[in-house]
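Reviewing the structure listed below.
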Amino acid sequence: MALTTSSLRRAARTTRTAKSGGAGPSGWLAAPALVFFLVFAVVPLIGVVVLSFTRWDGLGEIKLDGLSSWATVLTDPVTGNALIVTAKIMFFSFIVQAPISLLLGVFTAGGQKYRAALAVLYFVPLLLSSAAVAIAFKALLDPNFGMGPGLGIPALAQDWLGDSDLVLFVVVFVIAWQFVPFHTLIYQGGVRQIPASFYEAAQIDGAGRVKQFFHITLPQLKYTIITSSTLMVVGSLAYFDLIFVLTAGGPGYSTRLLPLHMYLTGFKANDMGAASALGVILVVIGLGLALLLQRLGGTNRNASQLEGA
Amino acid sequence: MASTTQLPLPAPTSAPGPSRTQAASRRRAFRGRPNIGGALGGWFWLAVIILPVYYVVITSLKDQGGFFTTNPLVPPAEPTLDNYQLVLQNDFVRYFANSLIVTVGSVIPGLLVSFMASYAIVRGNGWFISATNKLFLLGLAIPLHATIIPIYWMITRAHMYDTLLALILPSIAFSIPISVLILANFMRDVPNELFESMRLDGCSDWTMMWRLALPMVRPAVVTVGIYNALHVWNGFLFPLILTQSPATRVLPLSLWTFQGEFSVNIPAVLAAVVLATLPLLVLYVVARRQLLSGLTAGFSK
């Protein structure tokens with residue numbers, strides 16, 4: 001699930017550098033991991049393509065069925081809707097999470113004691129399962145017994161999860177609540193690698209805090225930004241469990257994004273062929289986005305400040 | 001040979017060292033003016049994070065009548081542990097044990113095979129190792145969850161449906177790419193001279209792997225282990241599609257089913273949430289530094 005620009009570059013680079021001394025360990029050491037990965041990741045990956053050309057209800061026999069699953073999936077308006085919902089959630093959660101994580105990362109990287117103390121609490125959501133987060137927010141957002149009446153603010157006592165116009169933004173907020181801590185951590189690590197001398201020099205030149213942020217912090221974080229953004233965008237294709245428990249895709253189809261649509265098609269509507277076709281679409285989108293973002297990061301590789309860091 | 005490996009060498013990891021603390025304090029010295037905007041934002045985000053946690057904890061201590069009648073954000077006048085008792089009576093311990101078995105059962109073998117693979121990738125060469133490495137890197141870019149249907153087919157075919165092993169095996173496989181990536185990145189920082197000198201002493205790769213590479217990357221192994229454990233412990237999708245009966249139910253799935261069974265008894269559902277999170281909270285308190293610094297180093301490498 002995770003993917004980092006600079007680490008991938010390191011990984012690829014060092015493989016090419018042959019070790020001195022010739023011998024090196026036998027490839028057999030990599031075999032157990034390879035076998036696990038082949039059996040439970042590569043074979044299923046091929047399997048999902050094969051199954052998309054079959055008809056299967058999940059229990060009975062699997063029958064070859066040509067392109068009919070694809071025809072079903074591609075003509076089904078729910079699929080188009082799921083793609084739109086996925087794109088919306090991806091876009092809005094990026095817009096919300098990226099700036100907050102960046103600012104919090106810079107904030108928590110500062111030396112002040114209270115910031116370190118706050119950071120300890122910021123990372124608590126990392127520990128909770130998506131199911132736990134969803135259940136907690138379901139209760140908290142209840143218009144009668146949740147936060148709204150608790151604070152006595154009528155505007156907060158909406159039917160947050162029942163209103164098809166609001167629900168998407170609620171989902172985006174809950175996703176941000178759960179995942180901002182992880183990205184804050186990545187940015188915090190990135191900021192801490194910026195040499196302090198840069199700031200000292202800027203200080204001597206009389207640059208203020210805002211100027212320092214835009215002229216030192218932001219450019220220096222270029223590769224951290226790409227890493228974090230890649231994780232955010234590709235990761236948003238995996239927001240399954242949170243939404244499944246929080247809204248189950250509803251009301252109507254308003255939060256039924258692609259992974260959820262795949263699950264419901266396969267395991268609730270018992271159409272494994274169509275679900276497999278949706279799985280193939282999911283793989284293609286994920287792979288395409290990851291490659292695109294890596295390319296964005298790779299065009300200017302000589303400027304990598306993290307290289308070798 | 002043993003003495004070679006026990007030399008007090010500086011850890012090869014880029015975990016936070018004295019230089020960073022120094023840099024931080026220097027930075028603080030230079031930025032004398034307090035950052036009011038930053039502080040306000042920081043405290044505001046704290047409220048955003050803490051409010052739901054606070055709500056879950058206080059609500060779990062209310063009785064059902066109190067839940068419907070008192071202000072949702074005011075702690076109960078007479079806190080009760082009845083909800084916790086109810087959850088514990090509903091097989092919570094079994095679900096907990098299942099989660100523990102699945103987590104330990106997938107993290108330990110996952111670490112073992114990933115460590116061996118990363119040793120081969122960093123120290124070895126040849127087309128086989130190179131191809132394996134590329135395959136794992138590719139695995140990072142693919143949303144592996146898209147493959148749940150063939151996995152379901154394989155597990156049912158192998159007569160493993162509704163067993164804990166059905167959860168363990170794919171979890172191991174899915175943890176391999178990221179584990180190999182992080183472990184290999186740390187292992188590259190072990191100076192080549194150390195391997196050379198051990199080789200001159202006549203050590204085999206097998207010996208070097210355990211006596212030199214493992215001690216040198218131990219912090220990374222712990223970090224990757226915690227990271228994977230977090231994922232497996234909280235995993236929801238595999239249990240949802242690969243298990244069915246209460247005998248194989250794990251904690252995240254039990255929260256979901258509690259929600260169905262207790263329905264209107266929200267305090268009891270939230271007590272289950274607290275109980276399911278408690279072990280991780282304890283782990284966080286104990287191993288916070290290790291987890292956070294390791295993750296920071298692992299991802300920004």
Side-chain angles (χ1 to χ4, degrees), chain A residues 2-4 7-8 10-11 14-15 18-19 24-25 27 29-30 32-34 36-37 40-41 44-45 47-48 51 107 111 118 121-122 127-132 135-136 139-140 145-146 150 185-186 189-190 192 196 199-200 203 237-238 240-241 245 266 272 275-276 279 282-283 286-287 290, chain B residues 20 23-28 30 38 42 46 49 52 55-56 71-73 113-114 116-117 119-120 123-125 128-130 132-133 139-147 149-151 170 172-173 176 178 181 185 188 205 234 236-237 252 255-256 259 266 273 277 280 284 295-296 299-301:
Chain A
L3 181 65
T4 78
S7 21
L8 285 181
R10 268 170 67 90
T14 329
T15 328
K19 292 289 164 317
L29 288 179
L34 184 64
F36 265 109
F37 194 71
F40 289 101
L45 211 53
V48 77
L51 284 175
F107 178 74
L118 289 185
L121 295 167
Y122 286 165
L127 308 172
L128 296 162
S129 68
S130 297
I135 288 171
L140 190 66
F145 307 106
L185 200 59
I186 296 179
R192 282 180 172 168
Y199 292 98
E200 286 158 19
Q203 198 93 10
L237 293 174
F240 167 82
D241 30 16
V245 178
M272 293 290 188
S276 298
L282 203 53
V283 170
L287 207 53
Chain B
R20 207 198 58 209
S25 62
R26 248 187 304 159
R27 205 176 298 154
R28 175 173 33 166
F30 259 84
L46 182 72
I49 292 294
Y55 172 81
V56 168
N71 184 311
L73 292 180
V113 300
S114 302
M116 283 168 38
Y119 181 82
R123 301 291 311 164
N125 43 45
F128 176 74
I129 288 174
S130 157
T132 306
N133 186 32
L140 290 167
I142 294 169
L144 292 172
H145 284 145
T147 60
I149 289 157
I151 287 179
I172 294 175
I176 287 173
I178 186 71
L181 178 75
N185 274 346
R188 288 195 180 95
D205 267 296
N234 286 335
F236 185 82
L237 185 56
L255 293 180
W256 184 60
Q259 194 192 222
I266 305 284
V273 168
T277 313
L280 293 181
Y284 183 61
L295 276 186
T296 313
F299 278 96
S300 47
K301 245 177 188 303

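Please read all numbers here as calculations on a predicted model, not as lab measurements. Lettering of chains follows the sequences in order, A, B, ..., and the numbering in each one begins at 1.
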Report yes or no: does Tyr55(B) contribute a side-chain atom to a donor-acceptor pair with the main-chain N or O of Ala136(A) at less than 3.5 Å?
no
Which heavy atom in Ile176(B) sits nearest to a heavy atom in Phe36(A), and how many Å separate them?
CD1-CB, 3.7 Å
Which region of Leu255(B), side chain (C-beta onward) or backbone (N, CA, C, O), has a non-hydrogen atom less than 4.5 Å from a non-hydrogen atom of chain A, or is it both or neither?
both
Can you tell me how far CD1 of Ile149(B) sits from CG of Leu51(A), rounded to the nearest 0.5 angstrom?
7.5 Å
Scanning both residues in full, the closest heavy-atom pair of Gly47(A) with Pro150(B) reads C-CG, 3.7 Å
Look only at the side chain of Asn234(B) and the backbone of Leu127(A), and say whether a donor-acceptor pair between them is shorter than 3.5 Å.
yes
So do Leu34(A) and Phe128(B) actually touch side chain to side chain, heavy atoms under 4.5 Å?
yes
Bottom line for Leu237(A): the part with an atom under 4.5 Å from chain B's heavy atoms is side chain
What pair of heavy atoms forms the shortest contact from Thr147(B) to Ala41(A), and how long is it?
CG2-O, 4.5 Å
What's the spacing between Leu128(A) CG and Thr277(B) OG1 if we round to 0.5 Å?
4.5 Å
To the nearest 0.5 Å, atom CG of Leu29(A) lies from atom CE of Met116(B) at 5.5 Å
Counting heavy-atom pairs under 4.5 Å with chain A, which one of Val56(B), Ile266(B), Ile172(B) comes out on top?
Ile172(B)
Selection from Leu45(A), Leu140(A), Val283(A), Leu287(A) maximising heavy-atom pairs under 4.5 Å formed with chain B:
Leu140(A)
Does the side chain of Ile49(B) reach to within under 4.5 Å of the side chain of Leu121(A), using non-hydrogen atoms?
no
Counting heavy-atom pairs closer than 4.5 Å to chain B, which one of Ser130(A), Gly266(A), Ala131(A) comes out on top?
Ala131(A)
Is the closest side-chain heavy-atom distance between Asp241(A) and Leu237(B) below 4.5 Å?
no
Stepwise side chain to side chain contact (heavy atoms under 4.5 Å, CB included) check, Phe236(B) with Val245(A):
CA-CA 10 Å; Phe236(B) 185 82; Val245(A) 178; 3.8 Å; yes
